[in-house]
Amino acid sequence: MPATRTTMTVKRPSVAALLLALVPFVAMCFSVPLWDRIDPILFGLPFNLLWLIVWIVLTSLCLWVANRVEAARSRRAAPHR
Amino acid sequence: MSPALVSLATILAIVAFGTTIGFLAGVHRKMDLEQWTVGSRGFGAVLVFLLMAGEVYTTFAFLGASGWAYSRGGPTLYVLAYLTLAYVVSFFVLPQLWELGRRHALQTQSDFFHARYGNPYLAGFVCVVGIVSIIPYLQLQITGVGIIVSLATFDRIGRVAAMAVAVVLLVAFVFASGVRAVAWVSIVKDVLMLGAAFAIGIGIPLVHFGGVGPMFAALVHVKPGHLTMPGATANLGHAWFISTVLLTSLGFYMWPHAFASTFTARSADTLRRNAVVMPLYSLTLALMLIAGFSAVLIVPGLANGDLALLTVVRQTFPPWFLGVVGGAGALTAMVPASIFILSAATLFAKNLYRPLFAPAMTDDQVAVLARAMVILLGLISLVLAIFSSTTLVSLLLTGYAGVTQFFPGVVLGLYWQRVTMRAVFAGMIAGVATAAFLMLSHRDPVFGLSAGFLALCLNFLIVVAVSLSVPVAATDRQLPDGTADLPAGG
């Protein structure tokens with residue numbers, strides 16, 4: 001398979017998209033000691049479960065914005081297409 | 001009709017319906033290797049979503065997650081976090097991978113390593129680790145079908161017989177129709193599973209406690225520590241949570257089948273949009289966890305947590321509904337299992353057997369050998385499922401410890417020009433060896449951290465250190481196919 005350096009290279013994501021991706025990692029993973037508790041119980045759910053459910057939805061939102069950012073960037077890079 | 005007969009008939013009807021759809025999906029297409037393994041790279045957003053949802057939400061989500069919620073408690077929340085964060089990672093890996101796949105006609109994970117690093121032994125090693133890691137995941141699905149059928153028929157059909165029937169169906173199914181069938185059966189499977197998840201997650205607490213809120217209030221009262229970490233375990237605390245979420249979310253698309261499903265997409269943009277939508281699907285898992293938590297109070301004292309969900313369903317709903325849940329569960333096991341078998345068989349034939357033993361094989365002959373491997377792999381996992389007694393979650397985490405070791409080679413390979421073949425190979429061997437040693441000698445978790453995660457850190461360190469130790473000038477002359485470039489300006 002004739003692979004050369006140029007054909008194995010891909011475009012790096014933008015800093016903005018990476019920062020948007022970091023948000024859910026902080027919220028759902030690294031900050032676990034802060035939200036892993038039962039109180040306050042909201043909507044009948046323990047706080048840790050509710051927190052994760054809310055962040056599932058917010059993660060989708062973060063990626064939606066990241067996708068817009070990346071799409072806008074590739075449009076700027078190739079305005080004639 | 002007896003309750004067992006009603007539920008069994010319902011399960012069989014659902015499985016038969018799903019299988020028929022799978023067969024029909026492949027009927028009018030010529031099955032060459034490219035069509036069989038990557039659907040000729042023609043899947044739009046909807047089919048890619050269905051394929052990925054189909055292979056992601058396995059019987060682990062159905063029985064394993066609820067089983068851990070029942071037996072372990074709080075630590076099970078890792079499932080919600082990792083499934084969501086895996087899509088965040090995928091946003092930055094899959095579209096890029098797809099681009100390379102199109103340029104170099106890649107079909108498998110091993111193809112990628114060969115194209116990027118140009119070493120057949122590295123590609124072969126990736127292939128072996130991938131197949132070995134996927135076997136526990138396959139075993140998990142077959143064990144799941146056994147549990148479902150024997151519980152749903154009130155133990156009329158034994159687990160071994162149920163597992164044997166599942167393997168036969170599975171092999172026939174993969175044989176006939178390849179990757180396209182899996183995407184189509186996913187439609188049936190997903191609709192049923194979504195329906196079942198809502199009925200179970202909301203219905204069970206409603207029937208027994210008058211709602212989800214009262215159920216949690218009662219659980220907090222009876223077992224105050226169950227819902228937070230470490231729950232009912234001694235050592236699965238916050239450090240374990242963070243390390244396991246990182247291990248599994250980074251490793252998620254490193255499974256050979258998930259990696260290869262990237263290549264079915266029609267465009268890189270399909271994969272980006274898919275990453276935006278997929279996290280919402282993990283909400284289903286929250287419902288499964290709620291059902292598992294309810295079971296703590298309704299059916300206490302089960303020896304095997306994996307039985308909790310269906311035992312509660314059997315006590316709460318009429319037999320026909322038990323059949324619906326059982327049928328959904330059986331498809332939920334069989335759809336992913338068929339794609340695991342398909343990927344592992346293709347890897348073996350295309351990336352291990354042909355390059356090492358029979359370089360002259362044509363693509364068509366590879367496809368025939370892959371089909372033969374499907375039977376062998378089915379039998380291996382059946383035997384393992386019969387003789388093993390590990391919980392479903394442990395099986396999954398064992399496989400993850402293996403496949404996540406591909407992550408440094410994939411991500412650094414995509415984004416870092418300096419990474420070398422030797423560095424990736426050394427890091428991967430160290431990572432796999434460390435993970436295997438720690439898990440097989442039952443030292444997981446180590447100091448409260450996931451063993452697979454420690455192995456991954458070691459792997460990363462070695463890859464970076466070895467790559468940096470090679471002078472830039474030397475790496476400049478090193479092409480990814482392993483040959484030296486002509487001296488510059490010569």
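Note that the coordinates shown come from a computational prediction; the quantities given were computed from them, not determined experimentally. So that the names make sense, note that chain A is the first sequence line, chain B the second, and so on, each numbered from 1.
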Going by side-chain contact (heavy atoms from CB on, under 4.5 Å), B/V276 matches just one of A/T59, A/L63, A/L61. Which one? A/L63

Shortest non-hydrogen contact from B/A81 toward A/L52: CB-CD2, 4.2 Å

Going through the checks in order, is the side-chain contact (heavy atoms from CB on, under 4.5 Å) test met by B/L246 and A/F25? CA-CA 9 Å; B/L246 286 176; A/F25 264 92; 3.8 Å; yes

Taking side chain as C-beta onward, heavy atoms only, is A/F30 less than 4.5 Å from B/I242? yes

Under 4.5 Å between any side-chain heavy atoms of A/S60 and B/Y87, yes or no?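 Result no, sub-4.5 Å side-chain heavy-atom pair not found.
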
Could you tell me the separation between the [atom1] atom of [X] and the [atom2] atom of [Y], rounded to the nearest 0.5 Å?
{"X": "A/M28", "Y": "B/L85", "atom1": "CE", "atom2": "CG", "result": "5.5 Å"}
{"X": "B/I290", "Y": "A/L49", "atom1": "CD1", "atom2": "CG", "result": "5.5 Å"}
{"X": "B/F91", "Y": "A/L18", "atom1": "CZ", "atom2": "CG", "result": "9.5 Å"}
{"X": "B/L289", "Y": "A/I53", "atom1": "CG", "atom2": "CD1", "result": "8.5 Å"}
{"X": "A/S31", "Y": "B/H238", "atom1": "OG", "atom2": "NE2", "result": "10.0 Å"}
{"X": "B/L227", "Y": "A/R37", "atom1": "CG", "atom2": "CZ", "result": "14.5 Å"}

Ranking B/L280, B/V212, B/L285 by heavy-atom pairs under 4.5 Å to chain A gives rank one to B/L280

Report the residues that fulfil side-chain contact (heavy atoms from CB on, under 4.5 Å) with A/A17, sequence neighbours left out, ordered by chain and then residue number.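 Testing A/A17 for side-chain contact (heavy atoms from CB on, under 4.5 Å), a comparison that skips the adjacent residues, returns A/S14, A/A66, A/E70, B/F92.
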
What residues form a side-chain contact (heavy atoms from CB on, under 4.5 Å) with B/T228, not counting sequence neighbours? A/D36, A/I38, A/N48

At a heavy-atom separation under 4.5 Å, does B/V220 approach chain A through its side chain, its backbone, both, or neither? side chain

What part of B/P224 gets within 4.5 angstrom of chain A, counting heavy atoms only: side chain, backbone, both, or neither?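 Backbone of B/P224 only, per the 4.5 Å heavy-atom cut-off to chain A.
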
Under 6.0 Å between ring centres, would you say that holds for B/F241 and A/W35? yes

